[in-house]
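Questions regarding the structure given below will be posed in turn.
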Amino acid sequence: MTPDQLADTVTDIIATLVSEGAIPPVDAPEVRFDRPKSREHGDYATNIALALAKPAGMAPRDLAVLVARHLEETPGVASAEVAGPGFVNIRLESAAQGELARTAVTAGNSWGHSDALSGLTVNVEFISANPTGPIHLGHTRWAAVGDAIARVLEAAGADVTREFYINDRGVQMDKFGASLMAAANGRPVPEDGYHGGYILDLAAAIVAARPDITSLPEDKQLVAFREAGYALQLTQQKQVLGLFRTVFDVWFSERSLHESGAVERGMAKLREQGHVFEQEGAVWLRTTDFGDDKDRVLVKADGEYTYFASDTAYYVDKRARGFDLSIYLLGADHHGYVNRLRAVAACAGDDMDANVEVLIGQLVKITRGGEEVKLSKRAGTIVTLDDLVEEVGVDAARYTLSRYPADSPLTLDLEDMVRATNDNPVFYVQYAHARISSVLRNAAELGIDWEGAEFDPSLLDHERENNLLGMIGEFPRVVASAAELREPHRVARYLEDLATAYHRFYDVCWVLPRGDEELAPLHIARLWLCAASRQTIANGLDLLGVSAPERM
RNA sequence: GCGCCCGUAGCUCAAUGGAUAGAGCAACCGGCUUCUACCCGGUUGGUUGGGGGUUCGAGUCCCUCCGGGCGCGCCA
C-alpha cells in the first residue's frame, strides 16, 4: 500500500464523515501522508485533522479520532493512532507494506514516473553561454541541474524540449574575432578582448585549416576569424556537453531570429497587444505595465535592435512553436531579468504566472585549496567543464552539482572534489546499486528464479525491511515533488537515504541461502526487496544523469 | 539609494508551516573464518545571525536590525 493510496482512503473517509453529518461540509485540504522522522510515530502520519480543524470548527483531536477509527477498518492498515496535537499515525500490515516491492519491480524503468504534468509542453532553456569560449564551471551547475530538471519533468509526464540559446550576435562576437585575429598575427590581444589560453589554440587551429586567412584585409579577416572561431567553439561546446550527458534538442541562434523575420513578428505581436510606444526616437516596450521597474528599449534611436528585442522575439517564437511553459534558468547575476521576462510574456498577451518561469540559481564559488578561483574568461582564469570531467568524472561532477538546491550558494573546492572521491555520496549510492547487482547475480548463479517464484510480502516484517520498503514507497512522491518544485536535488538526497536503508538492511538481513541451506520463501521475498531497491536506485540515478554500475 | 538572493554543527550543506533541527566530512570508540567493509553500529558537536510578530505549531511566513553576494545602460 502506497502513501498516496492511504491519502485517497482518507479523502474518502472525510467525504463519508461529511455525508454522515459527523463533520460539517467543508473544502477539505489535500491529504498528505508523510514518513515520520521517528519510527515511534508509525509507518506513516497525516496532519489532516490539524489542517481540517479550523474550517470544520472542531477540535483537532476529535477529528483525528474519527479519521483513525475509519482507517483502522481499512484493509492493510494494522493500526491507526491519534498522537500529539492531532496527528494520525498509521502502521501497515507487513503484507500491505511488502507489496511495494512487487509494485516497484513490476513498474520497472517507469517506477516513480507519473502523469502529473502530462499534456504540458515545456521549453527548458539553460546555459546559453556565448560561443566565444569553452563551457566553464560557472555554466556547469546549469548543465547538470537544467538537464536534471528536464528529466524530472519528463518523469512527471511533461513533453520537454531542452534548448540552448546561442548569443551569436553583437559586440562580444566582434571582440572574440578581434582577439583571434590578434593572436594569429602575433599581436597582443586587445585590452577588452578574450585573453584565455584557448584563444591561442583556436587561432592556431583556424590558421592551420586556412593558411591564407592572415593575408586578408583587416575587416574581412576579422569576420573570417569570428565566424571560424564561432563554428569551432560551438562544436566544442556541443561535444563537451554531450560528454557530460547534457544533450540539447535545440541550439537556437540569436542571429536566426533576425534572419528569419522572427524579430519583426515579435514586434508585431507586441504592437498588436498595445504595449509598444515611441519616445525620443526609440521604440519601447512598456514592461512597467506588468511589474518591471522601468520600460525597456526595443529599437535604439539609431535604428538598431537591442538585445532585449531578441529576447522578446525569442519568447514569442517559443510560444509560436507550441510551448505552454518557457522555463529560463539564469544565474544570480541575471536576476534583474526576472521581472522583464515575465513582463514580456504579459506584453505578448500571455499569463506571466502560467506561461513563463524564471529560475534563479546562485553562482558557484570555486576554491582550490581554500583559495578562491576567479572565473574570468577575459582574464583567462577559467576552469572548464572539460577540466572538471577529466579530474573527477562525469558521474561525480553531475551528482555533486545536482545534490544542492540551485538557489543556495555553493562553494566547491577543486582539491576536495578530486581527493574526496571516495567520500562523494555518488559513490555511496552507486555502491548500493552495485552491491545489489552482485546479490542478484549470485542468485542467478544459484539458479534461483525469484521472479517466477511465489512472493509472500508478509514475510518482510523485519524492522530494517520495513524501513527499506517505506523508503521505496516514497520514491514516486519524491520524483513528483522534484518536478513540481523544479528541485532535482531532492532526488539525490532521497537516494542517499535509500542507499542507507539498503545498506542497513543488507547488514542484518541475509538474502541468499547459505551453504547447503534450502531455498525458503523468505529468500524469495528478500530478493524481491533487493530488486525493488535496485530498480529505485537505478531510476533515481537516471533522473540525475548518473550511471548505475553493476560492479564497482 | 532602490531591488533580488543568502545567513542552520569546526567545514560543505539538508529539512514542501509539523512531533526531539538532520546528513556527509573532520575527531574518537567498536564490528567481516559465507551474498561487494566504497559497508554497519556508537560517542562528541546547535541560542537555525540578533530582536519582535502571526498560530495549535516557525529554520520555514511578516516587520526590523546586523552581516555577505548580486543587480539596477538607447551594453551584450
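As the structure is a computational prediction, the values presented were derived from the model and not from experiment. Below, each value reflects all heavy atoms present in this structure, side chains not excepted, and no hydrogens, waters or symmetry copies. Below, read A as the first sequence line, B as the second, and so on, with proteins coming before strands; counting in each chain starts at 1.
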C1' spacing across the pair B/rG59 / B/rG46, given as an integer number of angstrom = 12 Å
ask   = Checking all strands, does A/S408 fall into the base, sugar-phosphate, or nothing category for heavy-atom contacts under 4.0 angstrom?
value = sugar-phosphate
key: Mate of B/rG73 where both pairing distances stay under 3.5 Å, Watson-Crick or G-U   = none
request  = Please list, chain by chain and in numerical order, all residues satisfying salt bridge (Lys or Arg N to Asp or Glu O under 4.0 Å) with A/D295, sequence neighbours excluded.
outcome  = none
Nearest-nucleotide 5' precedence on RNA chain B, A/R551 against A/N339 = A/N339
message = Can you check the distance between B/rG18 and B/rC74, where both ends of the measurement are the P atom (answer in whole Å)?
response = 44 Å
query = So what does A/E40 hit on the nucleic acid, given a heavy-atom distance under 4.0 Å: a base, only sugar-phosphate, or nothing?
reply = base
remark   = Closest to the 5' end of RNA chain B, once A/S481 and A/G281 are matched to their nearest nucleotides, is A/S481
Measure all distances between protein nitrogen or oxygen atoms and nitrogen or oxygen atoms of nucleotides 56-61 of chain B, and list the pairs falling under 3.5 Å.
none

ask   = Taking the same atom, C1', in B/rU48 and in B/rG7, what whole-Å distance lies between them?
value = 9 Å
message = For residues 467-486 of chain A, which residue pairs pass the side chain to side chain donor-acceptor pair (under 3.5 Å) check, not counting sequence neighbours?
response = A/R39-A/N467, A/E357-A/R486, A/E474-A/R477
request  = Sticking with atom C1', work out how far B/rU12 lies from B/rC6, rounded to a whole angstrom.
outcome  = 15 Å
Contact under 4.0 Å: A/K300 side-chain N or O vs B/rA76 OP1/OP2 = yes
Gap in Å between the two C1' atoms, one belonging to B/rA9 and one to B/rA23, rounded = 11 Å
message = Just to be sure I understand the rule, does A/E304 reach a base, reach only the sugar-phosphate, or reach nothing, if contact means heavy atoms closer than 4.0 Å?
response = nothing
key: Watson-Crick or G-U wobble partner of B/rC32, both distances under 3.5 Å   = none
ask   = Considering only heavy atoms and no angle criterion, is a donor-acceptor pair shorter than 3.5 Å present between the side chain of A/N89 and the base of B/rA19?
value = yes
task = Please state whether the phosphate of B/rU36, meaning OP1 or OP2, lies under 4.0 angstrom from any side-chain nitrogen or oxygen of A/S437.
result = no
Spacing of the C1' atoms in B/rG24 and B/rU8 (rounded, Å) = 15 Å
key: Spacing of the C1' atoms in B/rA58 and B/rU16 (rounded, Å)   = 14 Å
ask   = How is A/A45 classified with respect to the nucleic acid when contacts are heavy atoms under 4.0 Å: base, sugar-phosphate, or nothing?
value = base
remark   = Output for pair (A/I127 CD1, A/R141 CZ), nearest 0.5 Å, gives 13.5 Å
remark   = Sorted by chain and number, sequence neighbours left out, salt bridge (Lys or Arg N to Asp or Glu O under 4.0 Å) with A/D353 holds for A/R342
inquiry  = Applying a 4.0 Å non-hydrogen cut-off, can you work out what A/Q279 is touching in the nucleic acid: base, sugar-phosphate, or nothing?
reply    = base
ask   = What integer distance in Å separates A/R534:CZ from B/rU36:P?
value = 13 Å
key: Touch class at under 4.0 angstrom, heavy-atom based, for A/R32 against every strand present   = base
remark   = In terms of heavy-atom contacts, A/S128 and A/N167 come closest through O-OD1, 3.5 Å
query = Given atom CD of A/Q362 and atom P of B/rA14, what is their separation to the nearest angstrom?
reply = 11 Å
A/R464 CZ to B/rC39 C1', straight-line distance once rounded to whole Å = 12 Å
request  = Please work out if A/E550 contacts a base, only the sugar-phosphate, or nothing of the nucleic acid, heavy-atom cut-off 4.0 Å.
outcome  = base
ask   = At under 4.0 Å between heavy atoms, what does A/A332 touch on the DNA or RNA strands: base, sugar-phosphate, or nothing?
value = sugar-phosphate
query = Contact class for A/R441 vs. all strands (heavy atom < 4.0 Å): base, sugar-phosphate, or nothing?
reply = base
Test item: A/F505 and A/M471 side chains (from C-beta on) under 4.5 Å apart, heavy atoms = no
task = Answer with base, sugar-phosphate or nothing: what part of the nucleic acid does A/D168 contact at a heavy-atom distance below 4.0 Å?
result = nothing
query = From the list B/rC75, B/rC72, B/rU36, which nucleotide is the closest neighbour of the side chain of A/Y337?
reply = B/rC75
request  = Measure the shortest side-chain to side-chain distance between A/M173 and A/R255 over non-hydrogen atoms and say whether it is less than 4.5 angstrom.
outcome  = yes
ask   = Touch check for A/I360, heavy atoms < 4.0 angstrom, all strands: base, sugar-phosphate only, or nothing?
value = nothing
inquiry  = If I take atom NE2 in residue A/H489 and atom C1' in nucleotide B/rA15, what distance separates them, rounded to the nearest angstrom?
reply    = 9 Å
Inter-nucleotide C1' distance (B/rG51, B/rA14), Å rounded = 27 Å
key: Distance (rounded to the nearest 0.5 Å) between A/N424 CG and A/Q430 CD   = 8.5 Å
inquiry  = What's the closest nucleotide to the side chain of A/R493 if the choices are B/rC38, B/rC75, B/rA14?
reply    = B/rA14
Pairing of A/E550 and A/R534 as salt bridge, 4.0 angstrom limit = yes
inquiry  = Ring centres within less than 5.5 Å and planes less than 30° apart: is that true of A/H335 and B/rG71 in this structure?
reply    = no
A/Y431-A/Y428 aromatic ring centre distance below 6.0 Å = no
All N/O pairs under 3.5 Å across the protein-nucleotides 28-35 of chain B interface:
| from | atom 1 | to | atom 2 | distance (Å) |
| --- | --- | --- | --- | --- |
| B/rC35 | O3' | A/N442 | ND2 | 2.9 |
| B/rC35 | O2' | A/N442 | ND2 | 2.4 |
| B/rC35 | N3 | A/V511 | N | 3.2 |
| B/rC35 | N4 | A/Y506 | O | 3.2 |

key: Proximity of A/H41 and A/F87 rings by center, below 6.0 Å   = no
ask   = Side chain of A/P405: nearest nucleotide among B/rG41, B/rA76, B/rA14?
value = B/rA14
Whole-Å gap separating P (B/rC75) and CZ (A/R340) = 13 Å
key: side-chain N/O A/H503 vs B/rC38 OP1/OP2, d < 4.0 Å   = no
message = According to salt bridge (Lys or Arg N to Asp or Glu O under 4.0 Å), who are the partners of A/R490, at least two apart in sequence or on a separate chain?
response = A/E487
message = Can you confirm if the aromatic rings of A/H275 and A/F290 lie within a centre distance of less than 6.0 Å?
response = yes
key: For atom CZ of A/R504 and atom P of B/rA23, their distance in whole Å   = 10 Å
key: Rounded distance in Å - CD (A/E487) to P (B/rU16)   = 7 Å
message = Strictly by Watson-Crick or wobble contacts shorter than 3.5 Å, is anything paired with B/rA27, and which nucleotide is it?
response = B/rU43
query = What is the distance from OH of A/Y307 to C1' of B/rC75, rounded to the nearest Å?
reply = 11 Å
request  = Kindly confirm whether the side-chain ring of A/F427 is stacked on the base of B/rC38, judged by centres under 5.5 Å and planes under 30°.
outcome  = no
key: Other residues, nucleotides, ligands: >12 heavy atoms within 6.0 Å of A/E30 CD   = no
query = Is A/Y404 stacked on the base of B/rA14, meaning ring centres closer than 5.5 Å and planes within 30 degrees of each other?
reply = no
